[in-house]
Amino acid sequence: MHFWLMKSEPAVFAFTDLKQRPTRTEPWSGVRNYQARNFMRAMTVGDLALFYHSSCPQPGVAGIMRVSRAAYPDPTAWDAASEAFDPKSTKARPLWDMVDVTWHADFQTLVPLEALRADPALANLLVLRRGNRLSVTPVTTTEFQRICTLGDATVATARAW
DNA sequence: GCCAACGTTGGC
DNA sequence: GCCAACGTTGGC
């Protein structure tokens with residue numbers, strides 16, 4: 001069991017969008033960074049991930065999702081019509097992977113970026129590092145639980161630990 | 001819109 | 001393999 005933080009611009013795909021999907025599940029496509037891809041490859045089904053809203057009026061952690069399918073090839077990479085198209089990736093030799101994520105639990109409140117920064121217990125959180133741009137990062141158990149406390153997550157989350 | 005930080009690209 | 005140029009990210 002590992003914990004992660006995954007960024008998305010809410011104007012493109014928000015936490016509520018995930019919750020409103022018919023199966024509350026979405027493939028996390030479009031990651032085009034090797035380090036982030038490798039983190040996704042390290043994920044296992046059942047891992048929990050914080051859904052982080054970036055590039056928006058209120059950046060912060062919006063809720064919790066669960067990895068529901070391990071890494072598999074990202075088809076948007078070989079779709080010429082996709083913004084995430086990458087000619088270096090082919091069906092025969094896929095370069096980019098994605099995982100499926102499923103809504104897991106809401107927070108009572110969004111945990112704003114400034115609250116993450118203000119918390120001494122989160123001093124080493126990777127997403128707070130200067131200039132960090134990784135869209136997928138690992139989070140320690142302690143950090144994950146701390147952020148859940150800040151967000152006052154529902155009991156469903158507590159049971160999953 | 002600005003700009004710092006970082007990853008990627010490509011010439012050499 | 002170096003490194004400058006470029007593009008992108010993301011907070012402010």
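- Legend: residues meeting ring pair (Phe, Tyr, Trp, His ring centres under 6.0 Å) with A:Phe85, ordered by chain and number and at least two apart, are absent.
- Among residues two or more places apart in sequence or in another chain, the salt bridge (charged side-chain N to carboxylate O under 4.0 Å, His left out) test is passed with A:Glu143 by none.
- A:Tyr52 has a side-chain polar atom (N or O) that falls below the 4.0 Å cut-off from OP1 or OP2 of C:dG11.
- A pairwise comparison of heavy atoms in A:Trp28 and A:Lys7 identifies CZ2-O, 3.2 Å as the closest pair.
- Between the CG atom of A:Asn33 and the C1' atom of B:dC6 there is a distance of 10 Å, rounded to whole Å.
- The distance between atom CG of A:Leu113 and atom P of C:dG10, rounded to the nearest whole Å, is 12 Å.
- In this structure, the side chain to side chain contact (heavy atoms under 4.5 Å, CB included) partners of A:Val67, at least two apart in sequence or on a different chain, are A:Met43, A:Asp47, A:Val99.
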Atom pairs and distances, donor-acceptor, side-chain atoms in residues 50-65 of chain A, under 3.5 Å, two or more places apart:
from    : atom 1 : to      : atom 2 : distance (Å)
A:His53 : NE2    : A:Phe15 : N      : 3.1

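- Residues from residues 131-138 of chain A that place a heavy atom under 4.0 Å from any atom of DNA chain B, listed by number: A:Gly131, A:Arg133.
- Atom CG of A:Leu128 is separated from atom C1' of C:dG10 by 13 Å (rounded to the nearest Å).
- Rounded to whole Å, atom C1' of C:dG7 lies 16 Å from atom CZ of A:Arg32.
- Rounded to an integer number of Å, the gap from A:His53 NE2 to C:dC12 C1' is 19 Å.
- In this structure, A:Lys88 does not reach the B:dT8 phosphate: none of its side-chain N or O atoms is under 4.0 Å from OP1 or OP2.
- Hydrophobic clustering (ILVMFWY, side-chain heavy atoms < 4.5 Å, transitive): A:Phe39 and A:Met1 are in distinct clusters.
- Between A:Lys7 and C:dT9, a side-chain N or O to OP1/OP2 separation shorter than 4.0 Å is absent.
- The distance between atom CD of A:Gln58 and atom C1' of C:dG10, rounded to the nearest whole Å, is 16 Å.
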Could you give the side-chain donor-acceptor pairs of residues 90-98 of chain A under 3.5 Å, partners two or more places apart or in another chain?
from    : atom 1 : to      : atom 2 : distance (Å)
A:Thr90 : OG1    : A:Arg93 : N      : 2.9
A:Trp96 : NE1    : A:Asp86 : OD2    : 2.8
A:Asp97 : OD2    : A:Arg41 : NE     : 3.0

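- Between A:Leu126 atom CG and B:dC6 atom P there is a gap of 13 Å when expressed in whole angstrom units.
- When rounded to the nearest whole Å, the span between CZ of A:Arg129 and P of B:dC6 equals 8 Å.
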